[in-house]
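Data block below; observations after.
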Amino acid sequence: MKFKLLLIAFCMILINQTAMASRLPDDFWTYLKKQFPNSTQRFDSLVVLADGTTYIPLYPAQNAEENNAIQIEYTYPAGKNLALKPEVIIFNNNFVLLKLMKDKNGNFSITKNEDLPLKVKLGVMPQDMLVPVGLQVPESMKLILGNLVIPQKGDNLIIAATDTKFTEDTNDTKGKKNTIAPLNELRNKKTLISTDKSKFVLIYNGENKNSLYEMKLNGLPSKILASNKSKFALVMYFGSKTLEIVDLTNERMVSQINLDNMPKDADLDIVNNIAYVASANASTIYMIDLNSAKLIKAIKLEQAPDKIAVSNYGEAVAFTDRNTQKIYSLKLEDDNYIAKYIAEGKNLSRILYKDNKIYAISRTEDKLSVYNEDEAVLTAEIKLHAKPVDAIYYQNKIYILCAEDNIVDVYDTKNQKMAENVILDNTGFYSKITIIPNQPNALITGIQTKKFLLLNLDKMVISKKQNANIDVSNIIIVDNAAPAREETNKDAL
């Protein structure tokens, strides 16, 4: 027994450096992509299949001989082909894949079978792996954790909704705390909602009326950006120089990023999955990679970047200078970032950068100005309804939320004219318009409205009005991949 323990300890030392690399070997990853089409490798090397099924790799104690074609050596359950997604897969290169399972109560586990080949028990998980909260690992397999610690719910600031007081009950809200009317359009979606008065973010899954739980942040969030591609969210706080990256799959903080000064605005490059964060006080635009949850670049400027927008192809950004209100574009030219003056701006509430055109929305002048970025010239100017506060871009149209008049102005970018005016109701101040991923729909919300308006973007009409017991400051909607269901295995009984 002592010899076996020494052998295991020695093997752990040998593979620790490999497991820290967190990238699967190129040949192995190429093989896995052929076996599991459209799969992705997470930043910590976890393999995520197209349907959301996740496999944890175990790095081997001993590498296989080179020049051997990769093959499957063992599966549990025995003889189960890859299409059926077995719990354990051992390959002849000594790598192992363990299926991550999540039951209906949200508990994570791996296989319960403890009678597995030694190659499994001698493997080790990636040592910078984002360990799911409360992961259940059989006692005989605890060595595969290496130096990883399994976080518990209390460690990750996740508090059950029934144990917290997000709002105090009143006669109007008694028994309705943290509820929204179910919407079919939120089926298979995950929704995060924050208010302007609380550090807690409400987490909803699918069509649930009540929040599943509340996630406590480290401050009052000023802005939250999410990537539907990687399921990471970037959180900015009022009065703080620190950004946080949150994993929307496990609802826990992945990393903290300290900036030189407080951020002012941020926008997301959905092509490359990079967030651009503008800090006027630091005269810097920061690039945050939401694939690796790391700061990858800080671009120092002569200007004080305030509002920011990423082009739809991800190759450039537009920003405003807080001190002069001038509009600039920013592009990489000959390994240098060049800020190019575009036009004068005035009290801009929103800018968008689409198809080589910059769209600037003035809150006080109630107008939309369109600029050609190449020539830096004004090509159109359109009068809007009162107090335009937010806007989204969808299929060559810009939907501009005008809060004072409770109207959405729809501008056709191809024909360069107003296409429609969508009238909202007169209750409250609507301030946020949010696209629902992979749908022709958007949600319109606001502080003190306690209502969700569903805007059909194709038909340009309000198709639903739903009451809620929540005032919305930030709302994030991402696709919610179905969790891998835990299977009962007759062979294990």
> What's the verdict on side chain to side chain contact (heavy atoms under 4.5 Å, CB included) for Tyr399 and Met460, showing C-alpha distance, side-chain angles and the deciding distance?
Replying inline: CA-CA 9 Å; Tyr399 297 77; Met460 292 182 282; 4.0 Å; yes

>> More than 12 heavy atoms of other residues, nucleotides or ligands under 6.0 Å from NZ of Lys451: yes or no?
In response: yes

>> We want to know whether Tyr411 and Gln416 form a side-chain donor-acceptor pair, criterion being a heavy-atom distance below 3.5 angstrom.
In response: no

>> Determine whether a donor-acceptor pair (N or O, by modelled atom type, separation under 3.5 Å) exists between the side chain of Glu365 and the backbone of Lys346.
In response: no

> Any donor and acceptor pair, going by atom type alone, linking the side chain of Ser279 with main-chain N or O of Met262 inside 3.5 Å?
Replying inline: yes

>> Contact between Val422 and Asp409 at the side-chain level, heavy atoms closer than 4.5 Å - yes or no?
In response: no

> Got a second to check how far Leu453's CG is from Leu443's CG, nearest 0.5 Å?
Replying inline: 8.5 Å

> Going by atom types alone, do Asn218 and Glu244 pair a side-chain donor with an acceptor below 3.5 Å?
Replying inline: yes

>> How about CG on Asp26, more than 12 heavy atoms from neighbouring residues, nucleotides or ligands closer than 6.0 Å, or not?
In response: no

> Which pair of heavy atoms, one from Leu384 and one from Cys402, lies closest together, and at what distance?
Replying inline: CB-SG, 4.4 Å

> Is there a side-chain contact between Leu82 and Ile89 (heavy atoms, below 4.5 Å)?
Replying inline: yes

> Is Ser473 reaching over with its side chain to a backbone N or O of Ser194, donor-acceptor style, under 3.5 angstrom?
Replying inline: no

> Donor-acceptor pair, Asn372 side chain versus Asp374 backbone, under 3.5 Å?
Replying inline: yes

> Do the non-hydrogen side-chain atoms of Ile436 and Leu454 ever get within less than 4.5 Å of each other?
Replying inline: yes

>> Test your reading of the model: is there a side-chain donor-acceptor pair from Arg350 to the backbone of Ile361, 3.5 Å cut-off?
In response: no

> What's the shortest heavy-atom distance between Ala226 and Val478, and which atoms?
Replying inline: CB-CG1, 3.9 Å

> Just by modelled atom types, is the Met236 backbone N or O under 3.5 Å from a matching donor or acceptor in the Ser222 side chain?
Replying inline: yes

>> To check you understand the geometry: which heavy-atom pair defines the closest contact between Lys331 and Tyr353, and what is its length?
In response: CE-OH, 3.5 Å

> Tyr430 and Asp425: side-chain donor and acceptor closer than 3.5 Å?
Replying inline: yes

> Any side-chain donor-acceptor pair under 3.5 Å between Asp269 and Tyr313?
Replying inline: no

> Passes side chain to side chain contact (heavy atoms under 4.5 Å, CB included), Asn474 versus Leu192? Steps please.
Replying inline: CA-CA 8 Å; Asn474 289 285; Leu192 291 82; over 6 Å; no

> Can you find a pair of side-chain heavy atoms, one from Asn421 and one from Val410, that are under 4.5 Å apart?
Replying inline: no

> Could you walk me through whether Ile327 and Phe319 pass the side chain to side chain contact (heavy atoms under 4.5 Å, CB included) check?
Replying inline: CA-CA 6 Å; Ile327 304 169; Phe319 69 90; over 6 Å; no

> Do the side chains of Lys357 and Asp355 get nearer than 4.5 Å, heavy atoms only?
Replying inline: no

>> Using only atom types and a distance under 3.5 Å, with no angle test, would you say the side chain of Ser349 pairs donor to acceptor with the backbone of Pro388?
In response: yes

>> Please evaluate residues Asn258 and Thr242 with respect to the criterion side chain to side chain donor-acceptor pair (under 3.5 Å), reporting the C-alpha separation (whole Å), side-chain torsions for both, the decisive distance (0.1 Å), and the verdict.
In response: CA-CA 4 Å; Asn258 295 316; Thr242 301; 2.7 Å; yes

> Between Gly446 and Ser431, which heavy-atom pair has the shortest distance, and what is it?
Replying inline: CA-OG, 3.6 Å

> So, do Pro132 and Leu100 sit near enough that their side-chain heavy atoms are less than 4.5 Å apart?
Replying inline: yes

>> Donor-acceptor pair, distance only, cut-off 3.5 Å: does the side chain of Thr320 make one with the backbone of Lys326?
In response: no

> Any chance NZ of Lys383 has more than 12 other-residue heavy atoms, nucleotides or ligands included, within less than 6.0 Å?
Replying inline: yes

Name every donor-acceptor pair, under 3.5 Å, that has one atom in a side chain of residues 294-308 and the other anywhere in the protein, sequence neighbours excluded.
| unit_1 | atom_1 | unit_2 | atom_2 | d |
| --- | --- | --- | --- | --- |
| Lys300 | NZ | Ala282 | O | 2.9 |
| Lys300 | NZ | Thr284 | OG1 | 3.2 |

> With no hydrogens and no angle check, do the side chains of Ser329 and Glu373 hold a donor and an acceptor under 3.5 Å apart?
Replying inline: yes

>> Side chains of Thr40 and Lys33, heavy atoms from C-beta outward: is any pair under 4.5 Å?
In response: no

> Could you state the interatomic distance from CG (Asn184) to CG (Asn188), rounded to the nearest 0.5 Å?
Replying inline: 11.0 Å

> Roughly how far, to the nearest 0.5 Å, is the CG atom of Asn312 from the NZ atom of Lys354?
Replying inline: 5.0 Å

> How close do Val310 and Gly314 get, heavy atom to heavy atom, and via which atoms?
Replying inline: CG1-CA, 4.1 Å

> Do Asp479 and Asn438 have side-chain N/O donor and acceptor atoms under 3.5 Å apart?
Replying inline: yes

> Side-chain donor-acceptor pair under 3.5 Å between Ser311 and Glu315, yes or no?
Replying inline: yes

>> So for atom CD1, which belongs to Ile423, do other residues, nucleotides or ligands contribute more than 12 heavy atoms lying within a distance under 6.0 Å?
In response: no

>> For a 4.5 angstrom cut-off between non-hydrogen side-chain atoms, does Tyr276 reach Leu268?
In response: no

>> Is it the case that the side chains of Asn273 and Asp289 hold a donor-acceptor pair, with the cut-off being a distance below 3.5 Å and no angle test?
In response: no

> For residues Asp51 and Thr53, is any side-chain donor paired with an opposing acceptor at under 3.5 Å?
Replying inline: yes

>> Show, in sequence, the C-alpha distance, side-chain angles and deciding distance for Phe91 and Leu97, and conclude whether the side chain to side chain contact (heavy atoms under 4.5 Å, CB included) test is met.
In response: CA-CA 9 Å; Phe91 300 87; Leu97 292 183; 3.8 Å; yes

>> Check this for me: does any side-chain nitrogen of one of Glu381 and Lys367 sit under 4.0 Å from a carboxylate oxygen of the other?
In response: yes

> So how far is it from Ile70 CD1 to Gln35 CD, rounded to the nearest 0.5 Å?
Replying inline: 9.5 Å

> Between Asp366 and Lys387, does at least one N-O distance fall below 4.0 Å, as a salt bridge requires?
Replying inline: no

> Under 3.5 Å, is there a donor-acceptor pair between the side chain of Asn415 and the main chain of Lys417?
Replying inline: no

> For the residue pair Tyr328 and Tyr341, does the interplanar ring angle fall in the parallel (under 30°), tilted (30 to 60°) or perpendicular (over 60°) class?
Replying inline: perpendicular

>> Between Lys223 and Asp265, does any NZ, NE, NH1 or NH2 come within less than 4.0 Å of an OD or OE carboxylate oxygen?
In response: yes

> In Å and rounded to the nearest 0.5 Å, what is the OG to CD1 distance from Ser292 to Ile245?
Replying inline: 9.0 Å

>> Quick check: closest heavy atoms across Phe429 and Glu404, and the distance to 0.1 Å?
In response: CE1-N, 4.4 Å

> Side-chain donor-acceptor pair under 3.5 Å between Tyr286 and Asp260, yes or no?
Replying inline: yes

> Is a side-chain N or O of Asn291 found less than 3.5 angstrom from the main chain of Asn272, in a donor-acceptor match?
Replying inline: yes

> Glu185 pairs by side-chain contact (heavy atoms from CB on, under 4.5 Å) with which of Asn441, Asn456, Ile477?
Replying inline: Asn441

>> Can you tell me how far apart CG (Leu243) and OH (Tyr237) are? Round to the nearest 0.5 Å.
In response: 9.5 Å

